[in-house]
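Only this structure's heavy atoms are used, side chains among them; waters, hydrogens and symmetry mates stay out. All chains are named by letter (A, B, ...) in the order of the sequence lines, taking the proteins before the strands, and each is independently numbered beginning at 1.
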Amino acid sequence: MSSPTPDSAAASTPAAPAKSMDAIMSLCKRRGFVYQASEIYGGINGFWDYGPLGTLLKRNLREAWVQDVVMNPCWGRNGPDGQPVEMVMVDTRIIQHPKVWKASGHVDGFNDPMVDCKLTKGRYRYDHVMVYVPENGQPGDKPVFAYVGDQPSEAKQRKKAEKTFGKVISVPLASLPQPWARVIGPDAEEPGSLTEPRMFNLMFDTVPGAIRDEANKAYLRPETAQGIFVQAKNVWDTNRVRVPFGIAQTGPSFRNEVTPRNFTFRSREFEQMEIEFFVVPPEHLEGDEKTTADPFAWYRFWRDWRMTWWQSIGLKGENLILREHDKDELAHYSQATSDIEYRFPFTAPGFGELEGIAYRGNFDLSQHQKHSGTKMEYRDTARGEILPNGSRRGVAYIPHVIEPSAGLDRGVLALLCEAYTKDESRPSPEFMKFHPRMAPIKAAVFPLVDKDGMPETAAKLHAALRKRFGHLGMIETDAKQSIGKRYARMDEAGCPFCFTIDGDTAKDQTVTVRDRDTGAQHRLNIDAVPAFLAEKLGV
RNA sequence: GCGGGCGUAGCUCAGUGGUAGAGCAUCACGUUGCCAACGUGAGGGUCGAGGGUUCAAGUCCCUUCGCCCGCUCCA
């Protein structure tokens, strides 16, 4: 739940040649990666659909995450405690009991009333606006001066107020009767420019049940994490999992962003891939664990492995950074947070958040325990007093949690931006350099020309590759038009390998393999194609 | 929500009040011998939407929707 911070982060590394977001968006539509939602009706702000290739790209990213996080956690690496990482998965609902969001803090956080200044176009959180009034609280018919603490307006307005009234005190704007005709906005010169406080509904609401009744109001989840927390007790009560272990989940979330922006980067409906990894609270650690397996050791483990993971699927190089939050950037309940950020064309030279890794203590589970009245304690039978029969008495605690929370759609966008390559020296200047594991189309099989038995041989190889690799992605074939055009089309779709049947195939059973990134070709026995592809795809 | 820019074919764009256009892409047929080849032909547009001015609106005016940029917001 760390806050996205586009445009943040040090731009210490030199900027790579800027890619044009317009060109990327244009290719995304042309090749069926991303379409505007409801486009034929004029579109709907903040929502995007995936076309055939985009859907597969997103699926490949999600599947890679599930595979590497849940099925074979952290590629089999041991955690800081020297044990294999344990992970299970859940699938919780978009709509939860409304109290879930009260407990999580989202109802209050999502419903900040704001006041706008009609003169300066400034917008301020209602509860942050203070007003300087005379010591006796009686300004008479003189104007009073509003400000927001820690902003330039504070000193400026105080000076003006003291000039008008002498000694002043500050009171909340909320304590003054509306309309605020005599209030000068924090950055305004004239009084009366502040609007009444208005609610910004940052959570979508809905009403379950056939009869619309405000009392039944529920919310579309703004994050998948709370579904995990709410079911955490059920998971450890009914599965043989032991702390430390994690619960993972992917799925859509909804935020009523004020300004959807930057293609799919800030959408109102988006998909997350979240882990809540439960660890032993520091006070229950024993012996060596205090140094090897404390929550911070797990935090660093996840932070570093998540960074490595993003690199492994193609986000290499200086466009990907790991940024540790400064102390003053941390939420009050978090003791350490870092972001994995990507330099998107629209954030450059800054970065936009892909994933946040936060050590959240026991804040969330404690909140749910408090609001639900259900004990969210885990009984750790590997700790506590050693009993005469050799077993442990066990201790009960609310586990601490490390939360690696990634944006799936943001990941897809980063893959698209990273893959997009322009090289005017190539016959196909625009191409998508996807990592083979992410590529929606894994391979294509072409007859060099549409005759002399080549199409038949191509069809056979195509069918064989589909049977073996079709579960990973598309295997294409195409006999129309010139070979160059077919290669170029595959380049734009990001297909890493093309196998071409030519005149020699019938004689010596070889085909050519063309590499997308270099255009280089070499010959390969037709029977060796599946093994070649398997090796390249890492399967 | 505010300010600025933009919206014409799948894509990129031309069209300053008078018959809706180009290149690329797509499809068909022919040709084909490794990098967006060539020939012939075809399909594809309520000019974002709605309203107004005018004999006549892609073009001028108003409203609205969407996208881009800058603010604002991003728990």
Side-chain angles (χ1 to χ4, degrees), chain A residues 1-8 20-23 25-32 35-48 51 101 104-112 114-125 187 195 198 200-203 222-223 225 255-263 265-268 270 331-334 345-346 352-353 356 407 425-431 446-452 454 479-492 498-505 511-516 518-523:
Chain A
M1 188 159 110
S2 56
S3 58
T5 51
D7 314 318
S8 66
S20 152
M21 208 54 217
D22 284 346
M25 289 169 69
S26 169
L27 185 143
C28 278
K29 173 163 185 191
R30 193 166 70 242
R31 296 312 311 240
Y35 305 130
Q36 191 178 13
S38 307
E39 188 185 277
I40 63 168
Y41 288 99
I44 176 164
N45 196 4
F47 298 88
W48 299 87
W101 309 111
S104 68
H106 288 90
V107 169
D108 301 322
F110 263 89
N111 284 293
D112 292 330
M114 309 287 286
V115 293
D116 286 342
C117 176
K118 287 181 280 195
L119 278 177
T120 65
K121 309 303 178 196
R123 170 174 293 164
Y124 315 96
R125 262 185 63 173
D187 303 295
T195 64
R198 290 182 286 197
F200 284 78
N201 299 313
L202 297 181
M203 267 200 298
E223 62 174 22
R255 296 183 192 183
N256 216 346
E257 300 283 0
V258 177
T259 313
R261 252 320 139 79
N262 290 332
F263 201 24
F265 184 79
R266 185 172 302 153
S267 298
R268 290 185 167 138
F270 58 100
H332 67 276
Y333 45 75
S334 178
F346 48 80
E353 183 188 343
S425 72
R426 288 167 58 111
S428 54
E430 269 184 320
F431 67 111
F446 298 140
L448 182 58
V449 287
D450 198 11
K451 62 177 188 184
D452 297 341
M454 295 179 214
K480 300 285 173 69
Q481 300 181 307
S482 73
I483 190 69
K485 215 172 249 192
R486 283 176 278 163
Y487 286 154
R489 257 200 292 267
M490 286 300 119
D491 283 349
E492 256 195 2
C498 295
F499 301 99
T500 301
I501 312 304
D502 61 17
D504 292 342
T505 306
V511 299
T512 60
V513 189
R514 174 185 178 274
D515 180 81
R516 174 198 63 204
T518 61
Q521 299 186 34
H522 67 276
R523 297 201 75 89

Nearest-0.5 Å distance that lies between atom OG1 in Thr518(A) and atom CZ in Arg426(A): 8.0 Å
Aromatic plane relationship, Tyr487(A) with Phe446(A) - under 30° parallel, 30 to 60° tilted, over 60° perpendicular: tilted
Value in whole Å for how far the P atom of C34(B) lies from CZ of Arg516(A): 24 Å
Atom pair distance, as rounded to whole Å: OH in Tyr487(A) and P in A36(B): 11 Å
Any strand: nucleotide that pairs with G70(B) via Watson-Crick or wobble, under 3.5 Å: C2(B)
Complement of G7(B), any strand, by Watson-Crick or G-U distances under 3.5 angstrom: C65(B)
Nucleotide nearest Arg514(A) when distance is taken to its side chain, options C35(B), G66(B), C71(B): C35(B)
Lys480(A) vs A28(B): side-chain N/O to OP1/OP2 distance below 4.0 Å: yes
Whole-Å distance separating the CZ atom of Arg426(A) from the C1' atom of C34(B): 14 Å
Pro427(A) side-chain proximity, nearest of C11(B), C35(B), C69(B): C35(B)
Any Gln481(A) side-chain nitrogen or oxygen under 4.0 Å from OP1 or OP2 of U26(B): yes
Distance in angstrom units between Asp452(A) CG and C34(B) P, rounded: 14 Å
Electrostatic pair Arg31(A):Glu430(A) at N-O distance under 4.0 angstrom: no
Nucleotide paired to U54(B) in any strand shown, Watson-Crick or G-U, under 3.5 Å: none
Spacing of CZ belonging to Arg266(A) relative to CZ belonging to Arg255(A), to within rounding of 0.5 Å: 10.5 Å
5' precedence on RNA chain B between Pro429(A) and Val449(A) (nearest-nucleotide basis): Val449(A)
Short side-chain N/O contact from Lys485(A) to OP1 or OP2 of C34(B), under 4.0 Å: no
Nearest-neighbour nucleotide for the Met454(A) side chain, U12(B), C34(B), G33(B) considered: G33(B)
Flag side-chain contact, heavy atom, 4.5 Å: Asn45(A) against Arg268(A): yes
Spacing of Thr512(A) atom OG1 and Asp504(A) atom CG [to the nearest 0.5 Å]: 10.0 Å
Short side-chain N/O contact to C68(B) OP1/OP2 from Asn262(A), under 4.0 Å: no
Touch class at under 4.0 angstrom, heavy-atom based, for Gly46(A) against every strand present: sugar-phosphate
Rounded interatomic separation in angstrom, taking CZ from Arg30(A) and P from A9(B): 15 Å
Tyr35(A) OH to C67(B) C1', straight-line distance once rounded to whole Å: 18 Å
Touch class at under 4.0 angstrom, heavy-atom based, for Thr512(A) against every strand present: base
Mate of C34(B) where both pairing distances stay under 3.5 Å, Watson-Crick or G-U: none
Identity of whatever pairs with A28(B) - Watson-Crick or G-U, under 3.5 angstrom: U40(B)
Nearest-neighbour nucleotide for the Arg266(A) side chain, G33(B), C74(B), U12(B) considered: C74(B)
N/O (side chain, Ser482(A)) to phosphate O (OP1/OP2, C38(B)) under 4.0 Å: no
C47(B) to G58(B) separation - C1' atoms, rounded to the nearest Å: 5 Å
Sugar-phosphate only, base, or nothing, as touched by Met490(A) at under 4.0 Å among non-hydrogen atoms: nothing
Pairwise P distance, G5(B) and A42(B) [rounded to whole Å]: 42 Å
Inter-nucleotide C1' distance (U59(B), U31(B)), Å rounded: 45 Å
Sugar-phosphate, base or nothing in reach of Gln36(A), heavy atoms under 4.0 Å: sugar-phosphate
Reference residue Thr500(A); test side-chain contact (heavy atoms from CB on, under 4.5 Å); the match among Thr505(A), Ile483(A), Val511(A): Ile483(A)
Whole-angstrom distance between G17(B) and C60(B), as gauged at atom C1': 8 Å
Sugar-phosphate, base or nothing in reach of Asn45(A), heavy atoms under 4.0 Å: sugar-phosphate
Residue whose closest nucleotide on RNA chain B lies nearer the 5' end, Pro260(A) versus Asp515(A): Asp515(A)
Among G33(B), G70(B), G66(B), the nucleotide that comes nearest once only the side chain of Arg261(A) is considered: G70(B)
Touch class at under 4.0 angstrom, heavy-atom based, for Phe446(A) against every strand present: nothing
Pairwise distance NZ(Lys480(A)) to NZ(Lys485(A)) - rounded to 0.5 angstrom: 13.0 Å
Nearest-Å distance once atom P is located in both A9(B) and U46(B): 9 Å
Pairwise P distance for G45(B) and G66(B), with rounding to whole Å: 25 Å
Asp22(A) side, atom CG; Phe263(A) side, atom CZ - distance, nearest 0.5 Å: 10.5 Å
Whole-Å gap separating C1' (U12(B)) and NZ (Lys29(A)): 13 Å
Touch class at under 4.0 angstrom, heavy-atom based, for Asp22(A) against every strand present: nothing
Integer angstrom distance from the C1' of C13(B) to that of G51(B): 29 Å
Base-pairing assignment for C13(B) (Watson-Crick or G-U wobble, both under 3.5 Å): G21(B)
Nearest-angstrom distance, C1' atom, G39(B) to A49(B): 42 Å
Value in whole Å for how far the P atom of U32(B) lies from CG of Asp450(A): 12 Å
